[in-house]
> 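Let me give you the structure first, and then I'll get to my questions.
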Amino acid sequence: MSGSTVSVAFLPLVDAAPLIIASELGFDHEEGIHLDLVRASSWSSVRDMVAFGRVDAAHMLAPIPVAMALGLGGVASSISALMVLSVNGNVIGVSNSLAQRMPPGLDFADARAVGAALVDAADTTLRIGVPFPFSMHAELLYYWLSASGLPAPQAVDIRTVPPPMMADALEAGEIDAFCVGEPWGSQTVERGLGTLILPGSSIWSFAPEKVLAVRTDWADAEPNLTARLMRAVWKACRWLGQGGVHTSTAEFLGHREYLDLPPEMIDRALTGKLTVSPSGDIRTAPQFLEFFGSAANFPWKSQAAWIAGQMAGRLGLERATAMERARGVFRSDLYRKHLADVGAVMPGASEKIEGGIAEDTAVAAGQGRLILSANQFFDGQVFDPSEFS
Amino acid sequence: MSDPLRILIVEPDRDRALSIVDSLKETGDNEVHVIGDLSGLARRVSDYNPDVVIIDLTHPSRDVIEELTLATGPMERPVAIFADASEASLTKAAIEAGVSAYVVDDIRPERIRPVVEAAVARFHMFRRMREELAETKRALEERKVLDRAKGLLMKSRGISEDEAYSLLRKTAMDKGRKITEIATALVTASDLLS
């Protein structure tokens with residue numbers, strides 16, 4: 001049946017794992033579909049391929065469909081985020097010369113101290129590379145630097161550098177620092193060019209990183225395929241979340257047609273045990289990259305609203321309107337509809353307060369038992385979306 | 001008569017770049033410029049202040065150009081050609097061919113259309129060439145494996161080249177597999193055992 005092939009674009013990143021595993025372990029065939037994975041090399045091409053029907057679905061930075069809903073960027077097409085593929089997973093690093101000007105032994109978990117040290121160490125305007133203008137990388141940096149006394153974007157120069165070229169940009173002296181997804185941060189360390197100073201999870205401990213994105217009209221026209229796709233990917237996330245599978249996951253991801261990198265480099269992000277400096281220092285980040293736990297896959301409307309609120313504030317858009325549009329992008333309705341049968345935990349609400357939760361907390365769930373893990377911004381801010389609706 | 005368009009081609013491969021420039025000659029008296037060295041790309045694109053930017057869709061540096069479309073500056077509000085819904089068929093053709101084009105949005109579409117069409121045609125040619133090259137490489141690889149497998153059989157069973165080939169072909173037919181698959185299996189097994 002030719003209609004049952006679903007083409008999915010991805011970028012070679014560790015957090016493409018749910019799609020790669022769904023295909024490699026046959027979760028797609030279990031659902032009666034065949035995933036045709038298409039490797040892309042830029043986020044703009046991923047976006048265009050989805051928007052113009054070259055592929056059915058994609059691994060996408062969570063802020064991209066939100067930005068599109070706000071009319072930002074070149075392409076205006078209605079994209080739905082069916083589910084969150086991964087939470088956290090980014091890392092911030094600096095050039096060796098900048099690292100030398102920062103005090104040694106900074107706490108990997110202490111975004112406040114690291115932020116202060118970075119601001120102190122910068123003698124000119126910091127040039128920081130991020131993968132894409134609309135990315136959690138950019139949002140976390142703006143948030144962190146502004147709260148650390150460096151008004152962003154005004155006082156910093158945040159520029160786009162494709163992840164595989166981050167190490168080169170550092171070497172060429174085009175950037176002083178970066179925020180990137182793995183394994184590209186580890187690669188700068190491996191090449192002796194950079195030092196990792198902070199995981200993204202120390203800025204926001206539960207940040208939605210990538211989503212499974214489709215055209216909204218595709219989801220409407222193909223409810224059956226949408227459901228199968230979601231179930232196959234959700235099962236892959238569940239497999240990834242069971243623990244003890246990082247070695248084989250790293251092997252799969254390292255294959256030539258996916259990341260084409262040594263499994264050892266990929267394993268670091270999967271275990272959260274990062275080699276942070278060329279001299280071999282190791283730091284461990286809890287929940288560095290989460291594929292499943294704490295209902296990580298549920299597309300909370302409050303997550304979309306937070307992203308839209310940050311963008312609106314920065315770009316001078318009307319905040320409440322932006323948030324309302326963004327809520328429609330994260331399709332918790334489809335998540336509930338299509339994943340109830342396979343046993344996905346369903347939270348009682350589709351919005352929650354983001355931030356302000358220091359401990360694991362049990363919350364109301366319609367199906368299953370739901371313990372939400374800590375969800376904090378490093379500066380203790382609390383985002384209550386109901387204030388804006 | 002309107003001013004010539006300032007067209008910028010971002011392409012590190014010199015031959016490809018020249019080939020695109022060539023294809024654009026037909027489209028009018030335009031001013032065509034090539035950036036081959038991608039360092040400091042954003043600044044250099046802004047400096048040139050183009051009306052149109054053409055870049056390979058599959059090139060990672062495309063996201064750098066994308067960033068420029070968001071900034072206000074020397075290159076005022078360039079937009080992806082894809083933004084204009086009225087050009088949907090051309091957009092689809094461009095994506096299929098692997099072209100991305102960015103256009104300053106106050107230029108009339110009919111001036112841009114021939115430029116993008118020419119680029120699309122040229123990229124189609126690139127794609128065909130790449131596929132042909134891959135096909136040739138694959139055929140060469142298969143040839144090599146087949147030769148090694150034949151050699152192994154000739155040596156271990158003391159048979160002629162023709163007999164070795166017949167044996168491989170017969171085995172492939174019996175097992176319902178391709179002859180190159182059988183040859184690869186034999187070579188791999190032999191590597192493991194030696």
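Just so we're on the same page: letters track the sequence lines, and every chain starts at 1.
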> Within a 6.0 Å radius of atom CZ on R191(A), are there more than 12 heavy atoms belonging to other residues, nucleotides or ligands?
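Correct, the count exceeds 12.
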
> Counting only heavy atoms not in M173(B) (residues, nucleotides, ligands), do more than 12 fall under 6.0 Å from its CE?
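Count not over threshold, so no.
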
> Donor-acceptor check, side chain of D63(B) to backbone of W43(A), threshold 3.5 angstrom: yes or no?
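Side chain of D63(B) to backbone of W43(A): a pair is present.
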
> Can you confirm whether E174(A) sits close enough to L41(B) that some side-chain heavy atom of one is under 4.5 Å from a side-chain heavy atom of the other?
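No, side chains not in contact.
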
> Please assess R62(B) against S45(A) for the test side-chain contact (heavy atoms from CB on, under 4.5 Å), listing each intermediate value before the final yes or no.
CA-CA 8 Å; R62(B) 219 199 115 187; S45(A) 69; 3.7 Å; yes

> Under 3.5 Å, which donor-acceptor pairs do the side chains of residues 184-191 of chain B form with other protein atoms, sequence neighbours left out?
from, atom 1, to, atom 2, distance (Å)
T184(B), OG1, T180(B), O, 2.6
T188(B), OG1, T184(B), O, 2.7
D191(B), OD1, R148(B), NH2, 3.0

> Got a second to check how far S41(A)'s OG is from D56(B)'s CG, nearest 0.5 Å?
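Reported value, rounded in 0.5 Å steps: 7.5 Å.
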
> With chain B as the partner chain, list the residues of residues 155-169 of chain A whose heavy atoms fall under 4.5 Å from it, by residue number, and write 'none' if nothing qualifies.
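Under the 4.5 Å heavy-atom cut-off, I158(A), R159(A), T160(A), P162(A), M165(A) qualify.
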
> Is any residue of residues 127-143 of chain A within less than 4.5 Å of chain B by heavy atoms, and which ones?
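Listed by number, the contacting residues are P131(A), F132(A), P133(A), F134(A).
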
> Who are the side chain to side chain contact (heavy atoms under 4.5 Å, CB included) partners of K175(B), not counting sequence neighbours?
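For K175(B) the side chain to side chain contact (heavy atoms under 4.5 Å, CB included) partners, ignoring immediate neighbours, are T171(B), R177(B), I182(B).
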
